[in-house]
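Throughout, protein chains are lettered first and strands after them, A, B, ... in sequence-line order, and every chain is numbered starting at 1. Bear in mind that the values here come from a model prediction, so they are computed numbers and not experimental data.
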Amino acid sequence: MTAFKNSLGLRAGLLSLLIFVAIVAIWQIATLPTAGTGPALDPEYAKLVGNAAATGTKSSMPTPADIGATIWKHVTDPFYIRGSNDKGIGIQLAYSLGRVLLGFGLAALVAVPLGFLIGMSPLVYRALDPFIQILKPVSPLAWMPLALYTIKDSAISSIFVIFICSIWPMLINTAFGVGSVRKEWLNVARTLEVGPFRTAFKVILPAAAPTIMTGMRISVGIAWLVIVAAEMLVGGTGIGYFVWNEWNNLSIANIVTAILLIGLVGLLLDQGLAYLAKLVTYPE
Amino acid sequence: MENRPLISVEGLARRFGDSNQPAVFENIWFGVDKGEFCCLIGHSGCGKTTILNVLAGLDSPSEGAVIVDNREIDGPSLDRAVIFQGHALLPWLTVMGNIAFAVSSRWPKWDRVRVQDHARRFIELVGLKGAENKRPSQLSGGMKQRVGIARALSIQPKMLLMDEPFSALDALTRGMLQDEVLRICADTNQTVFMITHDVDEAILLADKIVLMTNGPGARIAEIVVNTMPKNERHRNDLHKHPQYYAIRNHLVEFLVNRSRAFDAEIADGGYDPRRLKLVKPGLMSVKLAAVNPPAEVVTLTTGRRQ
Ligand SMILES: Nc1ncnc2c1ncn2[C@@H]1O[C@H](COP(=O)(O)OP(=O)(O)OP(=O)(O)O)[C@@H](O)[C@H]1O
Ligand SMILES: [Mg+2]
C-alpha cells in the first residue's frame with residue numbers, strides 16, 4: 001500500500017517535471033531570435049517596445065534564461081530601495097501582504113462575532129440576510145471609488161476593499177457553523193448549568209471552529225486575489241503596483257517573476273490556514 | 001403539606017405545534033422516591049424521551065409540572081444529571097477533558113489540579129483508567145457510554161436521568177455496564193429515572209417499573225413494583241428466580257397487547273391517572289401457587305400540588 005502510494009507520488013512528481021521541461025522548451029523555441037527581417041511592425045508599437053524588437057533580431061518576449069536571471073536578481077536582492085518608484089520586490093510583496101493581513105484581520109474581528117450572533121439568533125439572521133445576500137455578490141473593486149471618496153486615502157482604501165471582500169465568507173461560514181452545532185452538545189452545557197459566555201467559548205466555538213477556519217481560508221484566498229487588482233488601481237506601493245509599473249516599463253521578465261511570486265505567496269497563505277484548520281478539526 | 005416523593009410528576013402533558021394538535025402524552029402522574037430506581041417502559045415514539053427532557057428541564061410541558069424536592073422545576077439543574085440516548089460527548093475534548101468540563105461547571109472555584117483529581121476518581125470508577133487522554137472517536141461504544149456515566153456521576157447529582165443508556169451496545173458490554181450501574185447506584189444510594197425498551201433490563205435494575213401506553217395521547221397505565229429483592233437480582237441467574245417469569249410475562253403482555261388497547265381496557269371506568277394501580281405480579285405468582293387469590297392491587301397516591 002505504502003509502496004504503491006510512494007510510487008504514485010514519484011510518478012506524479014516525474015510527470016510534473018516533464019510538463020515543466022516541456023513548457024520551458026516550447027517557450028525557449030518560441031522566443032528564439034529570428035534572423036532577417038520579421039514582419040513589418042506598426043511603428044507606433046515599435047516605438048513602445050524598443051529597438052530590439054523593432055529590428056526583429058530578438059523577440060521582446062524574454063527567454064526562460066532571461067526570466068531565470070531576473071528571478072535570481074530579485075531573489076538575491078529583494079529589499080533594495082532606489083527611489084520611490086524603484087523598490088525591491090520583497091518590499092512590494094511585504095506591502096501587499098501587510099494590507100491583506102490587516103484587512104483580513106479586521107474583517108475577522110467583525111465577521112466572527114457577528115456570525116456568532118447571526119448563527120445563534122434566528123431573528124438577527126432574518127434581519128441581516130437581505131443585506132448579506134445583496135452585498136455579497138458585489139465585486140470588491142466596485143467599493144473602491146466610494147472608499148476613495150469617503151476615506152480620501154489610497155492606502156486605507158485598499159485595506160477597506162480587502163476588508164469588504166474578506167468579510168462575507170467568514171461571516172457566512174461562522175453563522176452556519178454556529179447555527180449547526182449539535183443540539184445534544186448544547187443540552188450537555190445546559191444540564192451542567194454552564195453560562196452563556198462559557199458555552200460560547202467552550203462548546204460553540206470549538207464545535208464551529210472547523211467551519212469558521214474554512215471560511216477564513218476562502219477569505220484569505222479572495223483577499224490575495226483582490227489586492228493585486230486594488231493596488232493596480234490605487235498605485236504607490238505593493239505587488240499589484242509593481243506589476244502595473246513593470247508593464248509600463250515593458251519588462252515582461254519582471255512581470256513573470258511577480259506572477260510566480262504572487263502564486264507562491266498565495267500558496268503559503270492557503271497552506272498556513274489549512275494547517276491552522278487542521279489543528280481545530282476534530283473527528284466525530 | 002403531603003409528603004411528596006423526591007421527583008413528583010403532576011398532570012404532565014406535551015403538545016408539539018399549535019394547541020389543537022393531539023398531545024404526545026397527557027395527564028401523566030407518578031413519583032420517584034429518594035434512593036429508588038425507577039424504569040419507564042413503552043413503545044418507540046410514545047414520548048419517553050420527551051418526559052425525560054421535561055424532567056431534565058430541557059423541555060417545558062404544555063400542562064402540568066414536575067416537582068423536585070418540593071419545588072417546581074423551571075430549567076436544567078446540576079442536581080439532575082442526564083445520560084443521553086446518544087452519548088453526547090464533546091468530540092474535541094479528551095475523556096479527561098469531557099469529565100473535567102462537567103466538574104469545573106459544578107465547582108467553578110476549584111483549581112485545575114483539584115478538578116482533574118476529582119475527574120480521575122470517576123474515570124477509575126467506571127473502569128477507564130489509562131484512557132484519560134483518548135478522544136471519543138478513539139473509544140468503543142461501550143467506553144463512550146462509560147464516559148457519559150462518569151460525567152453524570154462526577155457532578156454528584158441528587159438524581160440520575162438516563163435515556164436508554166445501554167440500547168446501542170452489544171449484549172456483553174450492556175451486561176457489564178448494567179452490573180456497574182447497579183453497583184454504583186447501590187453504593188451511593190442514587191435516585192435514578194431510566195428509560196428502557198428492554199424488559200429484562202428493567203427487571204434487573206428497577207425497583208419500580210412505570211408502564212406507558214402508545215401515543216398519541218399516551219398515559220401511564222400502571223406501576224409495577226419489582227418485588228424481587230435487590231440482593232437477589234443477578235444478571236446470570238435472574239431467570240431462575242421464582243418471581244421472574246410472572247413479572248416478565250406481565251410486562252411483555254403489557255407491551256404486546258395492553259399498551260395498544262389500553263383505552264378499551266379502561267372504558268368501563270376504574271382508571272384514575274392520579275391514583276395509579278400499583279401492581280405486584282411477582283408476589284401474585286408466589287401466592288397463586290397456594291390459594292389462587294385475587295390480583296393484588298394497591299392504590300398509589302402520587303400526591304397533589306398544594
Ligand atoms: N421537537 C419535536 N417536534 C415535534 N414533534 C416531536 C418533537 N420531539 C418529539 N416529537 C414527537 O413526539 C413523539 C415522542 O417522541 P420521543 O422522542 O419522546 O419518543 P420516545 O418514546 O423517546 O421514542 P424512542 O423510544 O424511539 O426513543 C414522537 O411522535 C415524535 O414525533
Ligand atoms: Mg427516546
Side-chain angles (χ1 to χ4, degrees), chain A residues 108 112-113 115-116 119-123 126 170 173-217 272-284, chain B residues 49-50 52-60 73-94 97-108 115 119 134-139 144 147-148 150-163:
Chain A
V112 173
F116 243 81
M120 289 175 81
S121 155
L123 175 73
R126 293 220 175 182
M170 279 193 275
N173 270 44
T174 305
F176 177 74
V178 167
S180 49
V181 173
R182 293 249 290 271
K183 187 88 186 287
E184 53 183 41
W185 298 338
L186 296 174
N187 280 346
V188 167
R190 287 180 62 198
T191 56
L192 294 172
E193 292 189 58
V194 179
F197 276 100
R198 196 155 174 262
T199 304
F201 282 103
K202 293 278 182 156
V203 179
I204 300 174
L205 189 61
T211 324
I212 297 175
M213 287 307 300
T214 308
M216 291 190 165
R217 204 173 154 189
L273 278 167
Y275 175 75
L276 290 181
K278 218 175 135 194
L279 288 185
V280 298
T281 303
Y282 50 86
E284 275 190 46
Chain B
T49 299
T50 311
L52 186 123
N53 282 343
V54 173
L55 291 187
L58 294 169
D59 193 8
S60 14
I73 64 164
D74 60 354
S77 157
L78 282 157
D79 288 338
R80 284 169 268 130
V82 184
I83 296 173
F84 293 90
Q85 195 161 5
H87 49 79
L89 300 178
L90 306 179
W92 57 90
L93 294 177
T94 59
N98 267 286
I99 295 170
F101 178 65
V103 174
S104 55
S105 305
R106 174 62 147 173
W107 294 282
V115 167
K134 290 213 166 94
R135 299 280 179 100
S137 59
Q138 297 167 296
L139 303 177
K144 281 184 216 167
V147 181
R151 177 172 65 185
L153 291 172
S154 72
I155 60 171
Q156 298 184 329
K158 287 195 182 143
M159 66 209 73
L160 277 180
L161 308 176
M162 304 199 259
D163 193 352

- Message: Restricting to non-hydrogen atoms, name the atom on B/V147 and the atom on B/L139 that form the minimum distance, rounded to 0.1 Å.
- Response: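 Nearest heavy atoms, B/V147 then B/L139: CG2-CD1, 3.8 Å.
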
- Item | Within 6.0 angstrom of A/F176 CZ, more than 12 heavy atoms from elsewhere |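 At most 12 heavy atoms, drawn from other residues, nucleotides or ligands, come within 6.0 Å of this atom.
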
- Residue pair B/L90, A/W185: steps toward the side-chain contact (heavy atoms from CB on, under 4.5 Å) verdict: CA-CA 7 Å; B/L90 306 179; A/W185 298 338; 3.8 Å; yes

- Message: Looking only at heavy atoms and a cut-off of under 4.5 Å, which of A/P283, A/A189, A/G195 has the most pairs with chain B?
- Response: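 Between A/P283, A/A189, A/G195, the count favours A/P283.
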
- How about residues 97-104 of chain B versus chain A: which residues have heavy atoms under 4.5 Å apart?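 Against chain A, the residues of residues 97-104 of chain B that fall inside the cut-off (heavy atoms, under 4.5 Å) are B/F101, B/A102, B/S104.
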
- Message: If you apply the rule side-chain contact (heavy atoms from CB on, under 4.5 Å), what do you find for B/V82 with B/D163, and how did you get there?
- Response: CA-CA 8 Å; B/V82 184; B/D163 193 352; 5.9 Å; no

- Query: Does the pair B/R151 and B/L89 meet the rule for a side-chain contact (heavy atoms from CB on, under 4.5 Å), with working shown?
  - Reply: CA-CA 9 Å; B/R151 177 172 65 185; B/L89 300 178; 4.1 Å; yes

- Query: With respect to chain A, which residue among B/P136, B/S77, B/A56, B/G75 yields the maximal number of heavy-atom pairs within a distance under 4.5 Å?
  - Reply: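 Option with the greatest count: B/S77.
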
- Query: Hey, which of B/G57, B/P91, B/G86 has the most heavy atom pairs under 4.5 Å with chain A?
  - Reply: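 Most pairs with chain A among the choices: B/P91.
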
- Message: Is there a side-chain contact (heavy atoms from CB on, under 4.5 Å) between B/Q85 and B/L52? Walk through the geometry before answering.
- Response: CA-CA 11 Å; B/Q85 195 161 5; B/L52 186 123; over 6 Å; no

- Side chain, backbone, both or neither: which part of B/L58 has an atom under 4.5 Å from a heavy atom of chain A?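 Backbone plus side chain of B/L58, per the 4.5 Å heavy-atom cut-off to chain A.
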
- Below 4.5 Å from any heavy atom of chain A, which atoms of B/L93 appear? Answer side chain, backbone, both or neither.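 Nothing of B/L93, per the 4.5 Å heavy-atom cut-off to chain A.
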
So for [X], is it side chain, backbone, both, or neither that comes closer than 4.5 Å to the heavy atoms of chain B?
X      : answer
A/A209 : neither
A/V188 : both
A/V203 : both

- Message: Looking only at side-chain N and O atoms, does B/S105 offer a donor or acceptor that is under 3.5 Å from a partner on A/R198?
- Response: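 Yes.
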
- Side-chain (A/Y282) to main-chain (A/P210) donor-acceptor, under 3.5 angstrom: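 Checked: no pair found.
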
- Query: Name the one of A/N173, A/V112, A/V280 that satisfies side chain to side chain contact (heavy atoms under 4.5 Å, CB included) with A/I212?
  - Reply: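 Option passing the side chain to side chain contact (heavy atoms under 4.5 Å, CB included) with A/I212: A/V112.
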
- Query: Among B/L160, B/L55, B/I155, B/I73, which one satisfies side chain to side chain contact (heavy atoms under 4.5 Å, CB included) with B/R80?
  - Reply: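 Of all the options given, the one that passes is B/I73.
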
